[in-house]
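Here is the structure we will look at, set down as structure tokens.
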Amino acid sequence: MRKNNNGYSLVELIIVIVIMALLTGTAFLSISIIFGASAKTCANDIKEALAENKVTAMGKSEAKVEIYRDASDNNVYIIQWIKEGEDWKPKKTDDAGNAVPEKIGNSRVYVAYVKKGETTEVELTSGNPLQLCFDRSNGSFSDKSEDCILCEKIYIRGGSRSYVMTLVELTGKVELELE
């Protein structure tokens with residue numbers, strides 16, 4: 001007597017569907033974590049640069065941090081500036097004396113800020129940089145320079161991660177939280 005073994009049983013079909021669902025879910029989670037890692041790195045780099053610049057400002061002279069999105073590659077960069085006399089000079093320069101920006105985020109990272117006293121987010125774009133200045137006397141955030149902005153919050157988003165950075169004007173303190 002011959003058995004007919006054509007086709008699949010219901011149990012085999014369910015097992016295959018479960019395995020495919022697990023593989024798809026794992027791939028989606030992995031991609032989300034990878035894109036979220038760039039937002040975390042960007043947020044930490046901004047916080048680190050602000051802390052470093054605050055120390056510089058209190059030790060030497062006025063200092064500021066410029067965060068911008070480059071038009072050519074759409075990545076997020078940061079430049080730290082120190083005031084020497086009447087001129088602002090970059091903290092890091094190349095052999096020709098030009099500013100050397102530090103890449104802190106890729107094109108998939110969203111960065112926006114909220115000005116003091118406002119509620120609307122202003123997205124960081126190639127023509128709209130964010131400059132944060134520190135007061136030398138007490139390390140607080142300052143808007144004494146014409147390009148400097150007083151911010152209350154900076155938002156960094158990427159993948160499944162969203163961070164909010166709260167800037168305390170009077171102390172120059174920066175608090176970073178997962179949103």
Side-chain angles (χ1 to χ4, degrees), residues 1-55 64-80 91-92 94 99-132 141 149-169 171-179:
M1 187 161 39
R2 287 178 72 191
K3 282 187 172 181
N4 185 1
N5 284 333
N6 293 338
Y8 298 102
S9 71
L10 184 59
V11 173
E12 291 172 326
L13 183 61
I14 290 173
I15 290 172
V16 168
I17 290 172
V18 167
I19 290 171
M20 289 176 59
L22 286 172
L23 289 174
T24 304
T26 304
F28 180 75
L29 183 63
S30 298
I31 289 169
S32 179
I33 288 172
I34 289 169
F35 290 146
S38 59
K40 182 178 183 179
T41 302
C42 183
N44 287 332
D45 287 348
I46 291 172
K47 184 178 179 182
E48 183 181 309
L50 290 173
E52 184 181 328
N53 214 271
K54 178 181 176 180
V55 170
K64 69 180 176 181
V65 173
E66 180 180 1
I67 306 166
Y68 68 96
R69 189 172 293 278
D70 193 300
S72 63
D73 59 8
N74 210 27
N75 292 326
V76 181
Y77 292 91
I78 195 164
I79 299 177
Q80 297 184 44
K91 191 170 186 179
K92 294 179 184 175
D94 59 13
V100 176
E102 177 185 351
K103 180 181 172 186
I104 59 169
N106 59 32
S107 60
R108 292 182 299 268
V109 174
Y110 170 84
V111 180
Y113 58 92
V114 176
K115 294 180 182 180
K116 180 183 174 191
E118 296 183 12
T119 56
T120 354
E121 286 183 21
V122 179
E123 184 176 358
L124 196 69
T125 58
S126 60
N128 187 25
L130 170 62
Q131 290 190 12
L132 300 168
F141 288 104
I149 298 171
L150 285 178
C151 280
E152 290 182 352
K153 297 193 181 294
I154 299 175
Y155 296 96
I156 301 104
R157 297 181 185 109
S160 63
R161 298 287 182 173
S162 184
Y163 295 91
V164 61
M165 191 176 296
T166 305
L167 286 69
V168 182
E169 177 189 350
T171 61
K173 184 177 178 182
V174 178
E175 298 171 354
L176 180 62
E177 299 172 14
L178 189 59
E179 191 176 40

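Please read all numbers here as calculations on a predicted model, not as lab measurements.
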**Message:** Return the CG to NZ distance between L167 and K47, rounded to the nearest 0.5 Å.
**Reply:** 10.5 Å
**Prompt:** How would you list, by chain and number, every residue that makes a side-chain contact (heavy atoms from CB on, under 4.5 Å) with L178, sequence neighbours excluded?
**Reply:** R161, Y163
**Request:** Output all residues satisfying salt bridge (Lys or Arg N to Asp or Glu O under 4.0 Å) with K116, sequence neighbours left out; order by chain, then residue number.
**Result:** E169
**Fill in**
In terms of heavy-atom contacts, A39 and V109 come closest through N-CG2, 4.1 Å
**Test ring pair (Phe, Tyr, Trp, His ring centres under 6.0 Å) applied to Y68 - qualifying residues, sequence neighbours left out** = Y77
**Asked** Can you name the salt bridge (Lys or Arg N to Asp or Glu O under 4.0 Å) partners of K54, sequence neighbours left out?
**Response** none
**Request:** Would you please name every residue forming a side-chain contact (heavy atoms from CB on, under 4.5 Å) with A99, sequence neighbours left out?
**Result:** I79, W81, P90
**Request:** Determine yes or no for a side-chain-to-main-chain donor-acceptor pair under 3.5 angstrom, with N106 supplying the side chain and N75 the backbone.
**Result:** no
**Item:** Option passing side chain to side chain contact (heavy atoms under 4.5 Å, CB included) with V111 (candidates T125, L124, I104)
**Value:** L124
Going by atom type alone, with no hydrogens or angles, which donor-acceptor pairs under 3.5 Å involve a side-chain atom of residues 20-28 and a protein atom two or more places apart or on another chain?
unit_1 : atom_1 : unit_2 : atom_2 : d
T24    : OG1    : M20    : O      : 2.8
T26    : OG1    : L22    : O      : 2.8

**Request:** Could you go through the salt bridge (charged side-chain N to carboxylate O under 4.0 Å, His left out) check for K173 and E175 one step at a time?
**Result:** CA-CA 7 Å; K173 184 177 178 182; E175 298 171 354; 3.5 Å; yes
Pairs of donor and acceptor atoms involving the side chains of residues 150-159, under 3.5 Å and at least two apart or interchain, shall be tabulated with distances.
unit_1 : atom_1 : unit_2 : atom_2 : d
E152   : OE2    : G117   : N      : 3.1
K153   : NZ     : T166   : OG1    : 3.3
R157   : NE     : S162   : OG     : 3.3
R157   : NH1    : E121   : OE1    : 3.3
R157   : NH2    : E121   : OE2    : 3.1

**Prompt:** Under a 4.5 Å cut-off applied to non-hydrogen side-chain atoms, are Y113 and I149 in contact?
**Reply:** yes
**Message:** Taking side-chain contact (heavy atoms from CB on, under 4.5 Å) as the definition, give me every residue that meets it alongside T41, ordered by chain and number, with sequence neighbours left out.
**Reply:** D45
**Request:** Would you please name every residue forming a side-chain contact (heavy atoms from CB on, under 4.5 Å) with E52, sequence neighbours left out?
**Result:** Q80, K91
**Message:** Quick check on side chain to side chain contact (heavy atoms under 4.5 Å, CB included): which of V11, L10, I17 does I14 satisfy it with?
**Reply:** L10
**Fill in**
salt bridge (Lys or Arg N to Asp or Glu O under 4.0 Å) filter on E118, not counting sequence neighbours, yields none
**Message:** Checking K115 now: which residues fulfil salt bridge (Lys or Arg N to Asp or Glu O under 4.0 Å) with it, not counting sequence neighbours?
**Reply:** none
**Request:** Considering non-hydrogen atoms only, spot the tightest contact between D94 and V100 and give its length.
**Result:** N-CG2, 3.4 Å
**Prompt:** Would a 4.5 Å heavy-atom cut-off, applied to side chains only, mark L50 and M165 as touching?
**Reply:** yes
**Non-neighbouring partners of N74 that pass side-chain hydrogen bond (donor to acceptor under 3.5 Å, both in side chains), sequence neighbours left out** = none
